[in-house]
Chemist: 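Before I ask anything, here is the structure I am working with.
Below, chains carry the letters A, B, ... as their sequence lines are ordered, and counting in each starts from 1.
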2 protein chains.
Amino acid sequence: MLANLTDHIQKFITLNEADIKLIHSEVVVKFVKKRNYLLEPDHICKEIYFVSKGCLRLYFLNKKLNEQITQFAIENWWMSDYYSLESEKPSSYYIQAVENSEIISIHKNNLEELFEKIPRLERYFRIVQQRAFTAAQKRIEYIYNFSDEERYRNFSARFPDFIQRIPQYMLASYLGFTPQFMSKIRAKKA
Amino acid sequence: MLANLTDHIQKFITLNEADIKLIHSEVVVKFVKKRNYLLEPDHICKEIYFVSKGCLRLYFLNKKLNEQITQFAIENWWMSDYYSLESEKPSSYYIQAVENSEIISIHKNNLEELFEKIPRLERYFRIVQQRAFTAAQKRIEYIYNFSDEERYRNFSARFPDFIQRIPQYMLASYLGFTPQFMSKIRAKKA
DNA sequence: TGAATTTCTTAATCTTGATTCATTTTTCGG
DNA sequence: CCGAAAAATGAATCAAGATTAAGAAATTCA
């Protein structure tokens, strides 16, 4: 649903009918099946993705060839490899659907066109990026200030609904420890 | 020097003479002595800070009442507690000068005024935030993908000049380990 | 310059979470 | 609904880095 996107934008800036039409004309809706990819390593990332429904994860293969998840995106979150997008260098990430998802995709060029025609959109994305940055900082803080076990319990308490949606090993990866350790913690709790 | 700020902005957007005048009229230069604070916990953060010269650090006191540094800012970097700034809730951070510094400060209200008068500034800050977010993500990646020792060696190799500028215990704090462990690593190297 | 404070180092012990490997449980496509 | 693949669990051993407690070196500034 394209309205999900423009509704979200309108939480931050006002859009008139023409703006909305324009935005809808510059984006593409993609239905992505679980386990399918929107981005793979060695490709240049050309689009940014808005999750209208479903869930995406961003990960890379670490030295031991394990998947290391660095972000999830659920409804109303954006996901992209902004570094690859800006620099036009090949990405080293995977962006994969964790669930069957409805994704609103904006091509780099279309986004620039939108910025030209609706300069207020810069404000929307400025705020979105600012919040993303704040969230990332907060996460670094958690990593340094809490043990793995504390972070797991914290996360479970704060996002009980989200942990229902993803396999445990993905949460372990996101939180930076092994599935085995996670089992240990969970066993303890009971 | 106010020009440091407008020069930096002009790396991303073009400004005319009037814009530059206007920006200069809405900002304040602060000379902050080493160890002095721009922000302390329980205060609401009202300003964003651009480092024209010197170095700032952002930190909080963790459970064990140790200082946990989450960011540094050197020349041409911005620093603020964006969460407190946006929400108008009390901060839990310190922003402190690591060296005698020349800081260009913009009050929240003046920034909004600037956004109204120079909408293109939204673009500048959108890009700045996007890069800050990307850097934060990269940092999370490093934390999860490298051991403390590897991160230290990495950092030393990439920013040899910066580590000259700060006490070692601050780097240890930023990298998330103890000064003792850092000594151990350094001794090994020799 | 010299006393006080800050910063850095060393070493012994302890803890958290990784690794390895095997087994069990769950999920999912045909 | 069944078999294969994916996901979760369990236990034993191991390693990275924390903690504690001194003491040494370097800064600072009166």
Side-chain angles (χ1 to χ4, degrees), chain A residues 32-37 54-55 57 59 61-69 72 94 96-101 140 142-156 162-190, chain B residues 33-37 55 57 59 61-69 72 94 96-100 142-156 162-190:
Chain A
V32 192
K33 283 247 164 66
K34 184 170 174 173
R35 291 210 185 86
N36 282 177
Y37 293 95
C55 181
R57 64 174 179 144
Y59 70 92
L61 295 183
N62 66 19
K63 287 175 295 185
K64 293 158 206 149
L65 300 183
N66 294 324
E67 297 175 359
Q68 177 58 61
I69 299 174
F72 287 107
Y94 296 85
Q96 187 195 43
V98 174
E99 305 168 347
N100 294 333
S101 302
I140 291 170
Y142 270 114
I143 293 172
Y144 281 155
N145 203 21
F146 295 98
S147 69
D148 288 6
E149 176 165 0
E150 286 171 321
R151 285 207 317 284
Y152 165 72
R153 297 204 187 284
N154 227 300
F155 195 94
S156 307
F162 179 63
I163 60 170
Q164 303 295 57
R165 291 173 65 172
I166 56 166
Q168 286 177 22
Y169 78 91
M170 286 194 189
L171 180 55
S173 168
Y174 178 75
L175 292 176
F177 49 78
T178 57
Q180 289 87 333
F181 182 63
M182 184 143 167
S183 279
K184 212 198 245 177
I185 303 174
R186 290 164 58 88
K188 237 199 311 192
K189 192 171 193 175
Chain B
K33 282 247 165 65
K34 186 171 173 172
R35 289 211 187 87
N36 281 177
Y37 293 96
C55 179
R57 64 173 179 144
Y59 70 91
L61 295 182
N62 67 18
K63 288 175 296 185
K64 295 159 205 148
L65 300 183
N66 294 325
E67 297 175 359
Q68 177 58 61
I69 299 175
F72 287 107
Y94 297 86
Q96 188 195 40
V98 174
E99 306 168 347
N100 295 335
Y142 270 115
I143 293 172
Y144 281 155
N145 203 20
F146 295 98
S147 69
D148 288 6
E149 176 164 359
E150 288 171 318
R151 286 208 315 287
Y152 165 72
R153 298 206 185 283
N154 229 300
F155 195 95
S156 307
F162 179 65
I163 62 169
Q164 302 296 59
R165 292 172 64 172
I166 57 166
Q168 286 177 25
Y169 78 92
M170 285 194 191
L171 180 55
S173 168
Y174 177 75
L175 292 177
F177 49 78
T178 58
Q180 290 88 331
F181 182 63
M182 185 144 166
S183 279
K184 211 198 247 177
I185 302 173
R186 289 164 57 86
K188 237 199 310 191
K189 193 172 194 175

Chemist: With a 3.5 Å distance limit and no angle check, can you tell me whether A:Tyr144 reaches the backbone of B:Ser173 through a side-chain donor-acceptor pair?
Modeler: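 No: the side chain of A:Tyr144 does not pair with the backbone of B:Ser173.
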
Chemist: Give the rounded distance in Å between these two atoms: OH of B:Tyr169 and C1' of C:dT6.
Modeler: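 From B:Tyr169 OH to C:dT6 C1': 8 Å.
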
Chemist: Without decimals, in angstroms, what is the distance between A:Gln96 CD and D:dA6 C1'?
Modeler: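 Rounded to whole Å, this separation is 13 Å.
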
Chemist: Please tell me which of A:Pro167 and B:Asp148 maps to the more 5' nucleotide of DNA chain D, matching each residue to the nucleotide holding its nearest heavy atom.
Modeler: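 The residue whose closest nucleotide sits nearer the 5' end is A:Pro167.
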
Chemist: Nearest 0.5 Å, please: how far is CG in B:Leu61 from CG in A:Asn145?
Modeler: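 Answer for the CG-CG pair, A:Asn145 versus B:Leu61, is 10.0 Å.
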
Chemist: Could you tell me whether a side-chain N or O of B:Glu99 sits under 3.5 Å from a main-chain N or O of B:Lys34, the two making a donor and an acceptor?
Modeler: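 No, B:Glu99 side chain to B:Lys34 backbone: no donor-acceptor pair under 3.5 Å.
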
Chemist: At what distance, to the nearest 0.5 angstrom, does CG of A:Asp148 lie from CE of A:Met182?
Modeler: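 Nearest 0.5 Å value for the CG-CE distance: 11.5 Å.
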
Chemist: Respond yes when some side-chain nitrogen or oxygen of A:Arg186 is under 4.0 Å from OP1 or OP2 of D:dA8, and no when none is.
Modeler: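 Checking A:Arg186 against D:dA8: no side-chain N or O falls below 4.0 Å of OP1 or OP2.
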
Chemist: Between A:Tyr152 (OH) and D:dA8 (C1'), how many Å, whole number?
Modeler: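 Nearest whole value for this atom pair: 12 Å.
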
Chemist: Return the value, rounded to whole Å, for the distance between atom CG of A:Asn145 and atom P of D:dA18.
Modeler: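 Computing the A:Asn145:CG to D:dA18:P distance gives 13 Å.
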
Chemist: What integer distance in Å separates B:Phe146:CZ from C:dA18:P?
Modeler: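 Those two atoms, CZ and P, are 17 Å apart.
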
Chemist: Assign each of B:Ser147 and B:Arg35 to its nearest nucleotide of DNA chain D by heavy atoms, then name whichever residue's nucleotide is nearer the 5' end.
Modeler: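 The 5'-side residue here is B:Ser147.
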
Chemist: How are the rings of B:Tyr37 and B:Tyr59 set relative to one another: parallel (under 30°), tilted (30 to 60°) or perpendicular (over 60°)?
Modeler: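 Taking B:Tyr59 first and then B:Tyr37, their aromatic rings sit tilted (interplane angle of 30° to 60°).
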
Chemist: Using the six-membered ring wherever Trp is involved, compare the ring planes of B:Phe177 and B:Tyr152 and label them parallel, tilted or perpendicular (cut-offs 30° and 60°).
Modeler: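 B:Phe177 vs B:Tyr152 ring planes: perpendicular.
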
Chemist: Determine yes or no for a side-chain-to-main-chain donor-acceptor pair under 3.5 angstrom, with A:Gln96 supplying the side chain and A:Arg57 the backbone.
Modeler: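 Such a contact is absent between A:Gln96 side chain and A:Arg57 backbone.
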
Chemist: With rounding to the nearest 0.5 Å, note down the distance linking CZ in B:Phe155 to CG in B:Leu175.
Modeler: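 The distance works out to 6.0 Å.
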
Chemist: State whether the side chain of B:Ser156 and the backbone N or O of B:Ile163 hold a donor-acceptor pair below 3.5 Å, judged by distance alone.
Modeler: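 Looks like no, no N/O pair under 3.5 Å.
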
Chemist: Check whether any side-chain nitrogen or oxygen of A:Gln168 sits under 4.0 Å from OP1 or OP2 of C:dT26, and answer yes or no.
Modeler: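 Indeed not, no polar side-chain atom of A:Gln168 lies that close.
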
Chemist: Take atom CD of B:Glu150 and atom C1' of D:dG17, then tell me their distance rounded to the nearest Å.
Modeler: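 In whole Å, D:dG17 C1' and B:Glu150 CD are 13 Å from each other.
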
Chemist: Please list, pair by pair, any protein nitrogen or oxygen found under 3.5 Å from a nitrogen or oxygen in nucleotides 19-25 of chain D.
Modeler:
residue: D:dT19; atom: OP1; partner: B:Lys64; partner atom: NZ; Å: 3.1
residue: D:dT20; atom: O4; partner: B:Gln180; partner atom: NE2; Å: 3.4

Chemist: Roughly what angle, to 10°, lies between the helix axis at the start of the helix from C:dT1-D:dA30 to C:dG30-D:dC1 and the one at its end, five pairs per end?
Modeler: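 Inter-axis angle at the termini of the helix from C:dT1-D:dA30 to C:dG30-D:dC1: 60°.
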
Chemist: Just the rounded figure in Å: distance from P of D:dA18 to CD of B:Glu149.
Modeler: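 Distance, rounded to whole Å: 12 Å.
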
Chemist: CE of B:Met182 versus C1' of D:dA18: gap in Å, rounded?
Modeler: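 In whole Å, D:dA18 C1' and B:Met182 CE are 16 Å from each other.
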
